[in-house]
Amino acid sequence: MRFDPQKLAAFSGLQLKARYIMEGFLGGIHGSPFHGLSVEFSEYRDYQPGDDLRHLDWRLFARSDRLCIKRFEQETNARCYVICDTSASMRYRGDQAWGSKMECAQALATALSWILLKQNDAVGLMALDAKNVAEEAGPPLPEAGDQMLRMVSPSQKPNQFGILLGHLEALRTAGGPRLATLLTHAVRLMHRRSLVLFFSDLLEPSDTVELMFKQFRFYGHDCAVFQVLDRDEMEFPFANPAIFQDLETEQRRHIQPREVRETYLARFGQFMAAYSELFRQLEIQHCLVRTDEDPVGALMAFFNTRSRLK
Amino acid sequence: MSFLNPFLWLGLIGVIAPLWLHLRNKPEKNVVYFSAMRFLEDQALPRRRPLQLRDILLFSLRLLALLLLVAAFSWPYLRKDSPIVVTETRVYILDNTLSNQVDDGFAGDRERIRQAIAKSGQEIQDAVIELTVQPRQLVHFSDSHDEADRKLAGLTPSFQRGSYLEAFRMAGALFDQSLGERKKIIMYGDNQENQWNECANPLPFLREVEVSMPDTPAFQERPNLFLAEPVVQRFFLAGKTYVDFAAILGHMGSVEKAVVSLRVNQQEITRQEINLVNEPEKLTIRMQWESDPALCMQAEATVTGLPDDLPADNRIYISLPPVNEGKIALMAQSPYLRTALSPDVMRGKWTARLLDPSQLASEVSANETADLLLIESHYLQSTHARALVSRYLSNGLGVILFVDRATPVINGFLRELGFEVSSPENSQVVREKPQTFRFVATDHPIFKPFLSPDFGSLVETKVFRYVRLKSSEAVPLIFSDSGDALLFETLKGRGRMLLFAFGLDRGQTELPLQAAFVPFLDLCLQHARFSGKPQLSLEPSDLCMIEVPGDGMVSQVAVSRGKDILVTARVDKDKRVQFRAPPLPGNYAITYDNEPIVQQVLSVNPSPRESQLKYTMNSDAVKSWQLPVRQDSKPTATIETRPGELSIWERRTILQQRIWWWLLVAGFGALGIEMLCLFLRKERV
């Protein structure tokens, strides 16, 4: 099945986009290899009064007249956090893109949440919002300066997907660099080892970001970074001289694209190489997502890499 | 500060302009909003000139808006040096009453006002009030000289009477809207003596206003011949109907002879020469002629003679509606009453129907009613009789009640009607000495004709027995020697009731034996018959109210003369219609709902007071209208100030304006700081 980015952009609701991506994904792999990931059988143990009778193995009892309880590799499901960067740079949308970087991140996050919830994992959300947006969205959340942390605790309730969807749809890009702040809060608030899915363009020059990724690994979290970038950012295809204004700082520069293109691409390559090296060192899965390409490809690449690592 | 000030509106436009520019400010072109600027940090900063230019433009516009606002608020201060400073406000009063037609006084005054306005410069505000029955502002302060001239040229002499006092009050009120420091009323009128007498002793109402009257009367009195106060009515005698006409013939000055002519329904019926030498100033002329009662009578009386400076008041108009035979329901045993209302006496005017006491129940429920119910009180013992009285009153019909007897039942019913019987033991009062009609309300329509000796006298009428009644609602019309009321008038429900405290019996009164009894009874019947009798003799442009009879089907009333409909007015829910009489004297037909049938005729005649051509200069009255001058205010008489020196009043005004100046300068400073902050922020970026 082929997916057209323009066709994807035509969908207005996030849920529809996610479903579209999901169907493409499942159709592409011909059956999910992740079914039953967290319910692997481990061993038998003797029945003790008070054990849940649901886990009693009746077949074994019939064969051997022994009461045994089935034990699984992990008693509880995995906890997953979706962490979404909402800095103003995520608002960017190039001419060739089917949506902004934020929209792309939202669609991928929704699709992944769906997959994870389908396999009975608990999924939660963390993002930073401008104060007014957060207050309109719902219950009070921890404050972070002029921003507020939008947090949904991980859960596998039947309505969790709806809750996540509502919060993801309510996310708005605003303000300056905020990835470092978001990661700081995330490290502080995650108490158990979890699967952490980052969605960001990482266009934030800060040592804190690097430090926080290290801390994530230090606490044993399994991390995956979806770096969402636009074609314009990666290839710098501009031709005419213009005034460029930074989306985050509103700083303006007079740019001659033909003259600065090489310099730009060189710096961008260094930037990407630095992050790739960092993630390699920290054993963080790094997945590059382009907003002008089919997001299913990015998902496929993510899961293929993940199965290889496993 | 005036909202008429054009600077205020310019200032408003100045305020709106930058806002509008802000709103229509489009996004900048050639700006790329990019996310990966961290890789381009070493590139050059853009030049700020376009941004600066735009901001300076906005800044200039804001500055302009503020300056215009300052100019608007400081207008009274600025105008000191302005070439179009208003220093004086003049209100002209132009007397357009009938008396000012003498020697073309009105036309002369009008020309003088036109010339004065044409000569006045831009530093003088002018307004003109036309003095008529309702003074009106003809020329407004905002009118140009050409417009004022056009309005004045369009004026025509009127036949109305107006009050000097009302015109001055209006002029005083106009000064509240004026800009001039010096306020002046200039009165162009004929200074009629009775006008000034009517204006004596009102409360002062003019503050710091100069009053001048350029027209000084050259004569104390002008010769004039006039007719006024016409009275006309029908009377019946020996089977014939006659019209009795009376009017005042006035003459002032050296008029020796006058010729009075009378035209009735387009036909001259009399022309009479009257010698006025050694006669009093006012004579009553009287004429009688036979008339068909079924016809509407319209007449005009004219007087001619010399010298006469005001010919416009030489003609009066009179009219009489056709006689409609009235229907009376009679419940009386008095032989005098039955005889007086018999066809032999009242043929053509009233038809009486005797009610049978045994058939009262059917009478109460019957649809057919008379115009009037005459009843003696002893019939009120019957429930049906009481119900009949109540029905007549609630239907808006008339009731005449003779209280010849008082019993507890009758007293109770009288109490319902608003009367309290105060006779001892509820019986009739018998005085040792017969009572007479001692005090009579002579202005009442019933008694007014008796002021003329031809109608006989009621004063000597004796009353031997009567019921002493009191009422807080009814109006007593006749009092006896002992002060007891003998005749009451009251409005109950929609109907009118006349209540006599005695019966028409020889033992109670000798009224039926008086020669004036039948005319008196006729007047009582006419008065009680229909309460909505219109005022059919009016002065030009007087307010007139007509009560429309009938079942409420009439919706519109029209006043016309010949084929021209002059006034139309709608009937309100109370079946009344109110309108102003036509401005010219004459007989006018009143019709309902555009139907050709003439319902009534309205006679419009000039006010007799306008014919009194006696003049005076009453400056004392004008002085008494002036309020005392405030200590802190600038006296009107001493306006002059030395060049370069400001009076107290001017200083205070300027001080007040300076407060505005400072406030606005503070606003300007705030705006400048805002712009400075904006520049600094951009500089930092």
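Below, each value reflects all heavy atoms present in this structure, side chains not excepted, and no hydrogens, waters or symmetry copies. Each chain gets a letter, A, B and so on, in the order the sequences are listed, and its residues count up from 1.
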**Asked** Below 4.5 Å, heavy atoms only, C-beta onward: do A:R253 and B:M37 meet side chain to side chain?
**Response** yes
**Message:** I'd like to know whether the aromatic ring centres of B:F34 and A:Y92 sit less than 6.0 Å apart in this structure.
**Reply:** yes
**A:E277 atom CD, neighbour heavy-atom count above 12 within 6.0 Å** = yes
**Fill in**
All heavy atoms of A:A242 vs all of B:V32, minimum pair found to be CB-CG2, 3.9 Å
**Message:** As an exercise: rank A:L247, A:D230, A:I255, A:D201 by heavy-atom pairs under 4.5 Å with chain B and give me the winner.
**Reply:** A:L247
**Under 4.5 Å from any heavy atom of chain B - which part of A:Q270** = neither
**Message:** Counting neighbours of CG on B:D42 that are heavy atoms of other residues, nucleotides or ligands and sit closer than 6.0 Å, is the number greater than 12?
**Reply:** yes
**Asked** Relative to chain B, which segment of A:E233 carries a heavy atom at a distance below 4.5 Å: side chain, backbone, both, or neither?
**Response** both
**Request:** With a 4.5 Å cut-off on heavy-atom pairs, point out which of B:Q43, B:R38, B:E41 contacts chain A the most.
**Result:** B:R38
**Prompt:** How are the rings of B:F39 and A:Y264 set relative to one another: parallel (under 30°), tilted (30 to 60°) or perpendicular (over 60°)?
**Reply:** perpendicular
